[in-house]
Amino acid sequence: MQTARMIVDRDYIIDRTDEKLFCSFVEPLGRCIYGGLYEPGHPSADENGFRRDVLDLVRPLNLTMNRFPGGNFTSTFRWEDSVGPKEKRPHRAEVAWQCIETNEFGLNEFADWSRLNGSDVMMTVNLATRGVLEAMDCVEYCNLEGGTYWSDLRRSHGYEKPHGYRYWCLSNEIDGPWQVGQNTGAAYGHLAREASKAMKLVDPEIKTVLAGSSSPSMPTYPVFDADALDQAWEYVDYLSLHTYISNLKGNTPNYLAKALTTERMFKEIGGLFAWMKAKKRSTHNLYISFDEYNTWHTVSGNERLEKPRWGIATPLLEDNYVMEDAVALGSLLITILRNCDLVKIACLSELVNCISHIRTRTGGGCWVLPPYYAFLHFSKYGRGTVLNPRIDSPKYDSTDYTDVPYLDAIPVLNDDGRITVFAVNRSLDETLPLAVELRGFKDSYVVEEVIVLSHPDPKATNTEDNPDNVQPHAGSAAFEDGLLRADLPPLSWNVLRLVPR
Ligand code: AHR
């Protein structure tokens, strides 16, 4: 294949990455919590029932924040059910996932678990079937020191210090017909504005996230977003967007190009922000909270309707992620970095078992699926200043896209002076030669490390019995006279790291 060329100039900066780009999402769905990160009685569980073996896989992801508790789950969530003595907590018919929610693991358990892995919490309040007052109460419970009904209740539950949560989602995917309490953009925008105003009266330090379109493929996108923003612009800080991509038709070249739709969505929403700011004669800025993204093959969620209803921790959405999913996810991660001037929060959905790359067996072991490594590298090496490369790559056409570059790549200047280039080769059968020219850097560099995730079988995966079938290996690259050269294997995720000499 023809060489893909990339020019990286030290002065061409997109933006610094926000710490909140490296987040995940935890929902009481299937075995994400129960039998996932929480399983009292499991041999590895600590005194709180948190699985230590799962924590050992979560901690290296260096997550700054996790969104909780939903998701579709939020739309009938009464947060008060999930606090206080466990034996008094009600069991509820959780209609979004057709299960029984025991509330055994609730708001404070998630605070404890998050503390263990060093991450903050982004809470979601229910504005689908509840209102402004319940949202205010939740902020009061979580964030006020004491001396009020809800903050004193928290203290009586053993949490003397407030949780101090800064980021709050104003409901979830309220545009979706599957949502209990679906709403129009204008009506939701009005309610969210009032909720945000009131929640900020309780705690002026908080930032709020308006729910935008659940997918750019929704027929109401982007009018729903415009209508909601029109109501709430001055009162909220982020707009939530979601994206799941899938390979349901078994068309891998097309699947690997799907991040281009996400790229387009970010540009469109950036345009919408500029227009709304002009319309309102506003000085206020909004940013994107991309708080659910991943690849997802059981995407219709209909699986929940096919299983017996009202089970507890019924396995759901446990997609069997394979090598090609790691590359598809890699492109989504690169797209987030390329748009980091606009995208300031990003949550990989979800963290354990459901739509997740960490898999457990209830009562048994846990292991990781191939895309886990792409996110691991992104979080470990993707922080710093993202540079705007000039890329000239050979291209292909797929069913839904034309001129798809085989190379998807982004350079990051890390704060320790290293340069990390993330690169995907979308070709299924050809090696892609890459030449990266560095311009305007004072230091001279040497190749420190090349990490490659590839496998001859695009459908290869890891299992409990064979957990290391797909795992990163060392690659090679040469750096001479400001030119970095590497050969990217077919269908691969690559991390090229340069260190100042
Ligand atoms: O992550 C699974 C579901 O996907 C979430 O509950 C919902 O927000 C989205 O539709």
Side-chain angles (χ1 to χ4, degrees), residues 23-34 36-37 63 66-77 79 92 94-99 101 110 122-129 167-183 188 192 209-221 224-225 228 238-246 248 262 265 288-305 307 313-319 321 325 329 332 345-359 369 371 375:
C23 307
S24 187
F25 168 41
V26 172
E27 181 172 12
L29 190 189
R31 297 191 310 122
C32 181
I33 292 177
Y34 306 107
L37 57 88
L63 297 165
N66 297 312
R67 182 170 176 256
F68 178 84
N72 298 337
F73 175 88
T74 322
S75 288
T76 55
F77 181 50
W79 67 267
R92 297 276 186 197
E94 202 294 285
V95 293
W97 304 107
Q98 299 285 298
C99 296
E101 173 54 48
F110 193 61
M122 175 157 77
M123 274 299 291
T124 309
V125 293
N126 173 3
L127 295 179
T129 56
Y167 298 92
W168 292 77
C169 294
L170 305 168
S171 249
N172 171 73
E173 294 191 354
I174 212 84
D175 61 329
W178 58 88
Q179 210 64 246
V180 178
Q182 183 193 8
N183 212 338
Y188 162 70
V209 182
L210 188 72
S213 286
S214 48
S215 155
S217 63
M218 292 296 287
T220 46
Y221 169 86
F224 177 92
D225 310 70
Y238 300 86
L239 180 75
S240 157
L241 296 173
H242 295 171
T243 288
Y244 292 98
I245 58 174
S246 61
L248 291 179
T262 306
M265 175 180 75
I288 292 174
S289 173
F290 193 38
D291 43 44
E292 284 186 36
Y293 69 90
N294 203 344
T295 67
W296 180 5
H297 306 300
T298 50
V299 71
S300 72
N302 282 341
E303 193 194 358
R304 76 190 197 282
L305 305 173
K307 300 211 166 165
T314 308
L316 277 180
L317 315 184
E318 299 195 4
D319 282 33
Y321 289 113
D325 297 313
L329 177 70
L332 282 177
I345 300 176
C347 307
L348 179 71
S349 170
E350 298 195 5
L351 190 57
V352 188
N353 286 325
C354 301
I355 329 175
S356 170
H357 315 136
I358 297 177
R359 188 58 43 87
L369 303 174
F375 186 87

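Remember, it's 1-based here, ligands and their atoms both numbered in the order they're listed. Quick caveat, the model's predicted, so the values are computed rather than measured.
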Decide whether the shortest distance between a heavy atom of Trp97 and an atom of ligand 1 is less than 4.0 Å.
yes
Could you tell me whether Phe73 approaches ligand 1 through its side chain, its backbone, both or neither, with non-hydrogen atoms closer than 4.0 Å?
neither
Glu27: numbered ligand 1 atoms lying under 4.0 Å from its heavy atoms
1 (O), 2 (C), 5 (C), 6 (O)
Ligand 1 atoms nearer than 4.0 angstrom to some heavy atom of Glu173 are 7 (C), 8 (O), 9 (C), 10 (O)
Within the 4.0 Å heavy-atom shell around Ile355, which atoms of ligand 1 are there?
1 (O), 2 (C)
If you measure from each heavy atom of Ser214 to ligand 1, is any distance below 4.0 Å?
no
Contact (N/O only, under 3.5 Å) between Glu292 and ligand 1:
yes
May I ask you to decide if the ring planes of Phe77 and Phe73 are parallel, tilted or perpendicular, using 30° and 60° as cut-offs?
tilted
Give a yes or no answer on whether the side chain of Asn172 reaches the backbone of Gly70 with a donor-acceptor pair at less than 3.5 Å.
no
From Gln182 atom CD to Phe224 atom CZ, the distance as rounded to the nearest 0.5 Å:
8.5 Å
Test side-chain contact (heavy atoms from CB on, under 4.5 Å) applied to Phe290 and Thr243, Leu239, Ile345, the passing residue:
Thr243
Derivation and outcome, side chain to side chain donor-acceptor pair (under 3.5 Å), residues Thr129 and Asn126:
CA-CA 7 Å; Thr129 56; Asn126 173 3; 2.9 Å; yes
I need the atoms of ligand 1 closer than 4.0 Å to a non-hydrogen atom of Asn172, numbered in the order shown.
7 (C), 8 (O)
Per-atom contacts of ligand 1 with Phe25, taking only distances under 4.0 Å to non-hydrogen atoms:
1 (O)
Counting from 1 in the order shown, the ligand 1 atoms closer than 4.0 Å to a non-hydrogen atom of Ser349 are 1 (O)
Report yes or no: does Trp296 have a heavy atom closer than 4.0 Å to ligand 1?
yes
Below 4.0 angstrom from a heavy atom of Glu350, which ligand 1 atoms are there? Numbered from 1 as shown, please.
1 (O), 2 (C)
For ligand 1 and His242, I'd like to know whether there is a polar contact (N/O to N/O, distance under 3.5 Å).
no
Any donor and acceptor pair, going by atom type alone, linking the side chain of Arg359 with main-chain N or O of Asp319 inside 3.5 Å?
yes
Main-chain N/O of Leu127 paired with Ser171 side-chain donor or acceptor, under 3.5 Å:
yes
Under 3.5 Å, is there a donor-acceptor pair between the side chain of Ser349 and the main chain of Glu292?
no
Classify the contact between Asn72 and ligand 1 as side chain, backbone, both or neither, using a heavy-atom distance cut-off of under 4.0 Å.
both
Classify the angle between the aromatic ring planes of Tyr167 and Tyr238 as parallel (below 30°), tilted (30 to 60°) or perpendicular (above 60°).
perpendicular
